[in-house]
Amino acid sequence: MRIRDFKLSDLDDVLKIEFDVFSDPYPADILIKLYESGVGFAVVELAHSVVGYIIYWVKDGNGHIIAIAIDKNYQGMGIGSRILDIIIDIFGKNDIHNVILEVRKSNLRAIKFYKNHGFITIDEQPNYYEDGETAIIMKCSTHNNT
């Protein structure tokens with residue numbers, strides 16, 4: 001498994017995963033705008049194929065996970081855990097002590113995944129998603145608070 005920075009040539013692979021995994025996927029133009037804005041954007045490669053990605057940034061002094069997705073054929077293999085742990089560690093090494101994310105209230109699998117990584121629910125945001133669904137706001141410590 002190799003984790004590396006996203007390149008525009010990865011866009012088709014990331015879009016395939018995005019549209020396969022999410023009910024409200026980011027379109028290509030949004031992903032390109034995120035990339036061009038300088039957010040953190042990393043992909044996971046296995047056997048020279050992109051099988052997952054994570055998009056993240058620093059917002060209001062906190063690390064913020066914008067999106068994380070693993071190809072359905074590779075879920076359950078620890079890839080998502082590995083990339084999330086790496087990004088949380090990067091935040092901590094850069095004196096960013098908390099990581100925030102939003103997840104659909106109905107996405108119980110993702111909520112459980114994040115709880116297993118130390119995230120706790122801190123709030124809810126009604127009508128967060130375009131279809132009106134509530135977002136669960138979750139937070140974790142980078143464990144590097146000194």
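Computed from heavy atoms alone, side chains included, the values below leave out hydrogens, waters and symmetry copies.
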Is it possible for you to say whether Ile66 and Ile32 belong to one hydrophobic cluster, with membership spreading through side-chain heavy-atom contacts below 4.5 Å?
yes
Salt bridge or not for Asp89 and Lys93, using N-O below 4.0 Å?
yes
Using every non-hydrogen atom in the two residues, find where Leu34 and Ser37 come nearest and quote the distance to one decimal.
O-OG, 2.7 Å
Between Asn94 and Ile90 (side chain of the first, backbone of the second, donor and acceptor by atom type, cut-off under 3.5 Å), is there such a pair?
yes
Working to the nearest 0.5 Å, report the span between CD1 of Ile136 and NZ of Lys115.
8.5 Å
Side-chain donor/acceptor of Glu133 to backbone N/O of Ser106, under 3.5 Å:
yes
Before giving the answer on side-chain contact (heavy atoms from CB on, under 4.5 Å), spell out for His117 and Val99 the whole-Å C-alpha distance, their side-chain angles and the decisive distance to 0.1 Å.
CA-CA 11 Å; His117 288 274; Val99 181; over 6 Å; no
Please give me the minimum heavy-atom distance between Leu11 and Ala28, naming the atom from each residue.
CD2-CB, 4.2 Å
Gln75 and Val21: CA distance, side-chain angles, deciding distance, side-chain contact (heavy atoms from CB on, under 4.5 Å) verdict:
CA-CA 10 Å; Gln75 290 180 2; Val21 170; 4.0 Å; yes
Taking the side chain as every heavy atom from C-beta outward, state whether Asp24 and Arg104 have any pair of such atoms under 4.5 Å apart.
yes
From Asn62 CG over to Leu101 CG, what is the distance, rounded to the nearest 0.5 angstrom?
11.0 Å
At their closest point, which heavy atom of Ile3 faces which heavy atom of Ala42, and how far apart are they?
CG2-CB, 4.2 Å
Please determine whether residues Ile100 and Ile68 belong to a single hydrophobic cluster, defined as Ile, Leu, Val, Met, Phe, Trp and Tyr linked transitively by side-chain heavy-atom distances below 4.5 Å.
no
Start with the C-alpha distance between Phe41 and Val14, add both sets of side-chain angles, then the distance that settles side-chain contact (heavy atoms from CB on, under 4.5 Å), and finish with yes or no.
CA-CA 11 Å; Phe41 199 151; Val14 167; 4.1 Å; yes
If hydrophobic clusters are built from ILVMFWY residues whose side chains come within less than 4.5 Å, do Phe22 and Phe6 share one?
yes
Taking Lys139 for the side chain and Asn98 for the main chain, is one N or O donor matched with an acceptor at less than 3.5 Å?
no
Between Pro27 and Leu15, which heavy-atom pair has the shortest distance, and what is it?
C-CD2, 4.1 Å
Min side-chain heavy-atom separation Tyr56-Ile83 under 4.5 Å
no
Work out which heavy atom in Ala69 is nearest to a heavy atom in Ile17; give both atom names and the distance.
CB-CG2, 3.8 Å
Taking the side chain as C-beta and beyond, is there a heavy-atom pair between Leu31 and Ile55 under 4.5 Å?
yes
Nearest heavy atoms of Cys140 and Ile88, plus distance in Å
SG-CD1, 3.9 Å
Treat each ILVMFWY residue as a node, draw an edge where side-chain heavy atoms are under 4.5 Å apart, and state whether Ile111 and Ile120 are in one component.
no
Between Leu84 and Phe119, is the side-chain contact (heavy atoms from CB on, under 4.5 Å) condition met? List the steps.
CA-CA 11 Å; Leu84 181 62; Phe119 283 82; 4.1 Å; yes
Got Arg4 and Val50 here, is their nearest side-chain heavy-atom distance under 4.5 Å?
yes
State whether the side chain of Thr134 and the backbone N or O of Lys105 hold a donor-acceptor pair below 3.5 Å, judged by distance alone.
no
Using side-chain heavy atoms (C-beta onward) and a distance below 4.5 Å, is Met1 in contact with Arg82?
yes
Distance col, row Asp71:CG vs Ser49:OG, nearest 0.5 angstrom, shows 9.0 Å
Glu102 side chain near His64 side chain, heavy-atom distance below 4.5 Å:
yes
Same cluster (ILVMFWY, side-chain, under 4.5 Å), Ile65 and Ile79:
yes
Spacing of Ile70 atom CD1 and Ile54 atom CD1 [to the nearest 0.5 Å]:
8.5 Å
Does Asp10 reach the main-chain N or O of Lys7 with its side chain, forming a donor-acceptor pair under 3.5 Å?
yes
For the OH atom of Tyr26 and the CZ atom of Phe19, what is their distance to the nearest 0.5 Å?
12.5 Å
